[in-house]
Amino acid sequence: MTASSDITAPGPRPGGIAARALGAKPIPDYVARLNPEQRLAVETTDGPVLVLAGAGTGKTRVLTTRIAHLLATGKAHPSQILAVTFTNKAAREMRHRIGDLIGPSVEGMNWLGTFHSIGVKILRRHAELVGLKSSFTILDTDDQIRLMKQVIQAEGIDEKRWPAKQLAALIDGWKNRGLVPKDVPPGDGGSFANGKAVKLYIAYQERLKVLNACDFGDLLLENLRLFREHPDVLKEYHQRFHYMLVDEYQDTNVAQYLWLRLLAQGRRNICCVGDDDQSIYGWRGAEVDNILRFEKDFPGAVVIRLERNYRSTSHILGAASHLIAHNQGRLGKTLFTEANDPDSVKVQVSSSWDSEEEARAIGEKIEDLQRQGHRLNDMAILVRASFQMRSFEDRFITLGLNYRVIGGPRFYERQEIRDALAYFRVVAQPADDLAFERIVNTPRRGIGDTSIKLLYDYGRSRGIPITQAAEELVQTEEVKAKTRTALRDLMASFERWRGKLGTIKHTELAEIILDESGYTEMWQQDRSADAPGRLENLKELIRSMDEFESMEGFLEHIALVMDKDNAENQDAVSIMTLHSAKGLEFETVFLPGWEEGLFPHQRALDESGRAGLEEERRLAYVGITRAKKRASIWFASNRRIHGLWQSNVPSRFLDELPEKHVDVVEQTSNYGGYNVGGVGNYGASRFDRADPFQNTYSTPGWQRAQANRAAGAKPAAKSNTRLIEGELIAKSTGSKSDYAIGERVFHQKFGYGHIEDIEGNKLTVAFEKAGTKKVVDSFVSKN
DNA sequence: TAACCCATCTTTTTT
DNA sequence: AGATGGGTTA
């Protein structure tokens with residue numbers, strides 16, 4: 001057992017270190033503004049500290065104040081603090097807020113950034129130690145997949161049967177877990193390419209080295225290698241970093257964790273801030289376990305819980321806390337608020353007939369609020385999956401309601417931007433094969449697949465990049481005259497542009513490249529609707545280059561910072577996924593689509609069982625806790641998924657909300673909701689006859705939850721996943737179906753069909769006309 | 001080489 | 001439904 005202190009509601013203990021420290025000098029006002037727990041988190045500067053910061057408890061404030069405190073007390077210089085975040089946005093915001101506290105000296109914080117940007121910085125300094133040149137290129141996902149495709153084909157494997165995307169997922173997974181090829185456990189690649197996955201991983205890494213390139217995963221992996229194989233280098237960083245801080249610690253994957261641990265071995269002054277209840281990125285390698293094992297890895301760690309919530313009303317907090325209490329794998333925090341909120345409203349739960357009505361009803365609510373003087377900027381619609389956004393967009397367009405979609409394809413991922421960047425890359429980094437391949441025939445120059453293959457063969461046989469192969473081949477007779485001319489012209493152009501690199505302004509050069517290559521013209525000729533937008537984006541790209549010193553500086557930046565501020569100042573409702581809502585807050589939050597299968601998402605359940613369910617529940621928790629004043633949850637009885645209508649069962653998460661903090665809104669519209677008997681054209685169903693939410697509160701699941709809650713007990717722990725899944729099905733279905741496999745049934749909408757499978761009250765029916773669908777038994781009748 | 005047709009897939013997203 | 005990608009055809 002390690003000596004760790006778990007401090008739940010501390011104040012400076014009389015005579016304690018903090019109290020003495022405080023007594024010694026006047027309390028700086030930035031510290032005085034903190035509550036006791038926050039203050040402890042700020043003032044416990046030395047040794048390992050884990051801050052468990054619930055939603056809305058001032059996490060960022062603690063981090064920024066802690067840094068300010070380290071600087072103000074002279075414990076460290078700005079350049080001696082390592083502060084890591086996950087996103088550029090978070091890093092920017094942190095820099096900004098520290099700047100507010102300490103002024104311009106924040107500029108000296110050279111080591112505040114994302115895991116990746118700091119990883120690159122370190123790697124560039126020591127690149128040759130891991131077999132790279134310091135000018136290495138960083139490949140994005142797209143390049144990565146194209147390269148893997150080549151590797152798969154080079155191995156003579158059928159790329160159709162074993163898609164590069166799948167291999168990429170596999171390799172990414174390994175890299176997330178910090179595994180180089182030789183560390184991959186045998187059999188871990190599954191049946192991919194008949195067990196050749198690791199071989200492909202090796203081949204891929206070799207190709208990367210030849211190209212002098214790294215993918216995102218390598219940035220950390222190569223750091224690990226560097227630190228392990230060169231203790232002197234690691235030691236240098238131990239000396240450099242006096243204090244380390246980590247934001248969103250619950251999102252770290254194993255590689256990031258190992259990286260942190262290596263660095264923290266030096267001075268052991270590491271402070272991680274996170275919330276296990278907000279871990280929603282398990283599917284991309286985040287390990288909540290990193291939080292759970294912190295005390296083991298750092299004996300003597302101080303654990304501080306921030307549970308005082310400053311964001312939400314007591315009803316919202318009550319609803320969210322009760323929901324998340326259904327999770328077993330958590331450290332457990334109880335959020336509370338001291339806000340005196342007499343006008344606090346309960347969380348509303350409403351239903352609708354289908355997604356269109358859902359959008360219509362939410363649109364009305366938004367307009368109501370707007371009429372009452374609320375700003376659209378203070379409202380958000382948070383969806384589980386992005387396809388849900390469409391019905392809202394459609395509706396808001398007809399209403400003329402301003403909205404903004406957050407997320408979606410990012411600026412630097414657009415085709416025209418990537419093409420333009422590829423041109424710049426070939427100019428700046430002549431051996432960038434992937435970039436060259438991308439644009440060699442864009443616009444069309446008559447250099448087709450055959451010619452490119454020829455370049456590859458030539459290049460591979462001689463071990464030279466294809467750009468160089470192109471240079472050499474145009475001197476020979478091996479290429480058809482027409483192609484040869486085209487290629488020679490292109491190579492000459494690149495040579496010409498390269499010559500201008502550094503002699504004229506890089507933005508000007510960029511324009512010249514796009515014009516002379518015919519790329520701009522290609523879009524000008526394009527008659528499709530989005531061509532003008534693409535030209536606009538290209539202009540925007542060049543405008544944004546202006547902020548950089550040089551072409552190389554710009555390319556370095558965009559490889560890592562694939563986001564762009566779209567600071568729209570217009571008043572608009574935000575529409576985004578629950579994932580991208582993490583860290584944000586709004587007065588009013590709408591949470592549509594709380595239906596089994598969508599939320600929790602069926603795939604999360606299928607692929608990850610209980611862990612998947614718990615992650616979905618955390619997502620629900622994140623959703624509710626985004627709301628400051630009003631949260632309203634919606635459920636649609638019918639939804640069109642992949643083009644076909646599906647009837648839905650309300651999400652089990654609805655069952656898990658506490659009645660005390662929830663208002664079930666009776667559907668009174670005449671569009672045909674739940675309890676409008678017989679209006680819907682789906683014919684009789686149990687949904688038509690009774691208010692499901694009245695039923696909801698008497699389901700076994702709900703009662704069990706209430707009982708557990710009352711007893712103060714966590715739901716009984718189950719170690720057997722199968723059993724738990726069985727329980728979940730029972731929970732979601734309620735009663736057993738009295739249909740039998742093979743039985744012929746009739747559905748109001750889909751017609752006749754035969755039952756293929758039964759799962760609780762969900763039937764898989766092969767309809768004669770409509771195909772095979774999953775339906776709830778109450779929607780069909782015996783024939 | 002470009003147009004066209006068919007099969008396939010469809011959660012969440014950062015770097 | 002709708003986008004995407006690959007293979008086939010003119």
Side-chain angles (χ1 to χ4, degrees), chain A residues 84-91 113-120 138-146 149 158-161 163-166 169 172 175-176 214-221 247-248 251-253 255-256 279-286 355 382-391 406-410 412-413 415 441-451 480 482-483 486 556-563 576-583 593 597-608 612 615-616 618-620 622-623 639-646:
Chain A
V84 231
T85 63
F86 274 83
T87 64
N88 294 297
K89 195 176 157 207
T114 63
F115 277 99
H116 291 87
S117 66
I118 291 169
V120 177
I138 301 161
L139 302 188
D140 62 27
T141 320
D142 198 78
D143 292 329
Q144 199 183 333
I145 288 179
R146 284 190 298 141
K149 219 175 243 181
D158 180 12
E159 206 270 325
K160 279 200 69 178
R161 180 119 188 264
K165 261 195 171 166
Q166 228 168 296
D172 269 346
K175 290 187 174 177
N176 284 338
C214 274
D215 64 20
F216 286 124
D218 286 335
L219 296 179
L220 281 161
L221 221 49
D247 190 17
E248 303 279 14
D251 288 337
T252 48
N253 60 34
Q256 288 156 340
S279 162
I280 54 174
Y281 286 110
W283 52 273
R284 67 176 198 214
S355 50
L382 311 182
V383 299
R384 175 63 181 85
S386 41
F387 77 86
Q388 291 173 262
M389 293 178 178
R390 226 196 102 175
S391 53
I406 315 269
R410 272 171 295 284
Y412 290 112
E413 277 167 19
Q415 185 194 340
N441 201 30
T442 309
R444 306 245 176 255
R445 305 189 167 87
I447 305 167
D449 289 349
T450 348
S451 319
K480 273 187 297 181
K482 217 177 143 198
T483 313
E556 162 86 24
H557 167 84
I558 56 122
L560 284 177
V561 189
M562 288 292 258
D563 73 346
M576 68 188 94
T577 62
L578 287 160
H579 283 91
S580 40
K582 193 169 74 157
L598 175 58
F599 192 33
H601 201 282
Q602 191 57 48
R603 223 163 126 173
L605 264 34
D606 291 346
E607 285 172 10
S608 317
E615 183 153 311
E616 295 286 293
R618 291 194 289 270
L619 202 48
V622 167
R639 192 176 290 277
R640 196 162 48 184
I641 293 175
H642 310 326
L644 33 102
W645 285 95
Q646 269 195 320

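All values below were derived from every heavy atom in this structure, side-chain atoms included, with hydrogens, water molecules and symmetry-related copies excluded. Residue numbers start from 1 in every chain, and the chains themselves are labelled A, B, ... in the order their sequence lines are given, proteins ahead of strands. Predicted model only: the values in this text are computed from it and were never measured.
Across all strands shown, A:Gly119 has no heavy atoms under 4.0 Å from either base or sugar-phosphate atoms. In this structure, A:Gln388 reaches neither bases nor backbone, as no heavy-atom distance under 4.0 Å exists between it and the strands shown. Contacts of A:Leu139 with the nucleic acid, taken as non-hydrogen atoms under 4.0 Å apart, are absent.
Taking atom CG of A:Leu644 as the reference point, atom P of B:dC9 lies 16 Å away to the nearest angstrom. When rounded to the nearest whole Å, the span between CD1 of A:Ile558 and P of B:dT14 equals 16 Å. Atom CZ of A:Arg640 is separated from atom C1' of B:dT10 by 15 Å (rounded to the nearest Å). The separation between A:Phe387 atom CZ and C:dA3 atom P is 16 Å, rounded to whole Å. Here B:dT10 presents its C1' atom at 15 Å from CD of A:Gln166, a figure rounded to the nearest Å.
Once the 5.5 Å centre distance and the 30° plane angle are applied, the aromatic ring of A:His601 is found stacked with the base of B:dT11. Stacking between A:His579 and the base of B:dT13 is absent under the criterion of ring centres within 5.5 Å and planes under 30 degrees.
The side chain of A:Arg390 places an N or O atom within less than 4.0 Å of a non-bridging phosphate oxygen (OP1 or OP2) of C:dG2. Distances shown here put every side-chain N or O of A:Asn88 at or beyond 4.0 Å from the OP1 or OP2 atom of B:dT14. Between A:Ser386 and the phosphate of B:dT12, there is a side-chain N or O to OP1/OP2 separation shorter than 4.0 Å. Proximity of A:Ser580 to the phosphate of B:dT12: no side-chain N or O atom is located under 4.0 Å from OP1 or OP2.
Residue order along DNA chain B, read from the 5' end via each residue's closest nucleotide, puts A:Ile280 first among A:Phe115 and A:Ile280.
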Set out, line by line, the N/O atom pairs under 3.5 Å between protein and nucleotides 2-4 of chain B.
{"residue": "B:dA2", "atom": "OP2", "partner": "A:Arg444", "partner atom": "NE", "Å": "2.6"}

*With the sugar-phosphate defined as primed atoms, P, OP1 and OP2, and the base as all remaining atoms, what B/S/- string results for nucleotides 4-10 of chain C, 5' to 3', for protein heavy atoms under 4.0 Å?*
--SS---
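The aromatic rings of A:His579 and A:Trp283 lie perpendicular to each other, with more than 60° between the two planes, well past the 30° mark.
Side-chain atoms of A:Ile138 and A:Leu219, non-hydrogen and from C-beta on, do get closer than 4.5 Å to each other.
At least one donor-acceptor pair closer than 3.5 Å links the side chain of A:Glu616 to the backbone N or O of A:His601.
Of the candidate nucleotides B:dT13, B:dT15, B:dT10, B:dT15 has the atom lying nearest to any side-chain atom of A:Thr141. Which of B:dT14, B:dT15, B:dT10 sits closest to the side chain of A:His642 comes down to B:dT10. Relative to the side chain of A:Trp283, the nucleotides B:dT12, B:dT10, B:dT15 differ in distance, and B:dT12 lies closest.
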